[in-house]
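Only heavy atoms go into these numbers, but all of them, side chains included; no hydrogens, no water, no symmetry mates. Sequence positions, counted from 1, serve as the residue numbers for this chain.
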Amino acid sequence: GRVGVAMAEASFEYTWEYQGNAPKLVYTPLTDKCYLTLTQGMALGYGGNPYGPAGTGKTESVKALGQALGRQVLVFNCDEEFDFKSMGRIFVGLVKC
């Protein structure tokens with residue numbers, strides 16, 4: 001059968017992407033706000049990018065949301081050396097999958 005995941009007005013089909021037995025994230029009111037914002041944006045066809053100081057759990061929150069939805073999450077850090085060629089290599093690699 002089909003499994004769905006819903007939060008507020010957004011609902012998604014669970015996509016069964018196994019990502020291993022990852023450690024669980026500690027849920028806080030801020031985590032809920034982050035999930036709510038990201039899922040509502042995804043439902044509208046947008047993406048999301050949590051912003052804040054280093055070491056506050058932004059990347060781990062996005063990875064945990066991806067795991068809850070059964071989706072693969074790609075994480076890459078942009079710095080001065082990250083250019084359009086680097087992004088092109090990522091997209092080519094994704095297409096080859």
Side-chain angles (χ1 to χ4, degrees):
R2 294 184 167 208
V3 176
V5 179
M7 184 168 198
E9 301 295 321
S11 61
F12 307 95
E13 186 174 333
Y14 187 82
T15 54
W16 305 100
E17 178 73 35
Y18 181 70
Q19 299 174 3
N21 189 13
K24 297 296 178 194
L25 186 70
V26 176
Y27 291 101
T28 65
L30 186 57
T31 307
D32 283 338
K33 288 180 185 180
C34 181
Y35 283 12
L36 182 62
T37 303
L38 290 172
T39 55
Q40 299 308 298
M42 288 170 55
L44 294 171
Y46 297 114
N49 181 27
Y51 178 78
T56 56
K58 300 177 297 295
T59 301
E60 294 305 316
S61 295
V62 172
K63 287 163 63 175
L65 178 60
Q67 187 174 23
L69 296 174
R71 296 189 179 193
Q72 182 179 18
V73 175
L74 298 175
V75 177
F76 51 91
N77 296 317
C78 300
D79 60 10
E80 298 83 27
E81 296 180 19
F82 193 81
D83 59 3
F84 72 95
K85 291 179 184 177
S86 301
M87 199 70 191
R89 285 192 297 274
I90 290 172
F91 288 143
V92 167
L94 288 172
V95 170
K96 288 184 178 181
C97 289

Tell me whether Val62 shares a hydrophobic cluster with Tyr51, the cluster being built from Ile, Leu, Val, Met, Phe, Trp, Tyr side chains joined at under 4.5 Å. no
Between atom CG of Leu30 and atom NZ of Lys58, what is the distance when rounded to the nearest 0.5 Å? 10.5 Å
Heavy-atom closest pair, residues Leu38 and Asn49: CD2-N, 4.3 Å
What about Val95 and Val73, same hydrophobic cluster or not, with Ile/Leu/Val/Met/Phe/Trp/Tyr joined at side-chain heavy-atom distances under 4.5 Å? no
Would you mind listing every salt bridge (charged side-chain N to carboxylate O under 4.0 Å, His left out) that reaches into residues 13-41, with sequence neighbours excluded? Arg2-Glu13
Please name the pair of heavy atoms, one in Phe12 and one in Thr39, separated by the smallest distance, quoted to 0.1 Å. CZ-O, 3.4 Å
So which heavy atom on Val3 is nearest to which on Trp16, and how close? CG2-CZ2, 3.4 Å
On a heavy-atom basis, the closest approach of Ala64 and Leu25 is CB-CD2, 3.8 Å
Just verifying a value: how many Å separate Ile90 CD1 and Phe82 CZ, rounded to the nearest 0.5 Å? 4.0 Å
Enter the distance from Gln72:CD to Tyr18:OH here, rounded to the nearest 0.5 Å. 14.5 Å
In this structure, CG of Leu65 is separated from CE of Met7 (nearest 0.5 Å) by 8.5 Å
Would a hydrophobic clustering, with Ile, Leu, Val, Met, Phe, Trp and Tyr connected at side-chain separations under 4.5 Å, put Met42 with Leu94? no
Going through the checks in order, is the side-chain contact (heavy atoms from CB on, under 4.5 Å) test met by Leu36 and Gln40? CA-CA 6 Å; Leu36 182 62; Gln40 299 308 298; 3.8 Å; yes
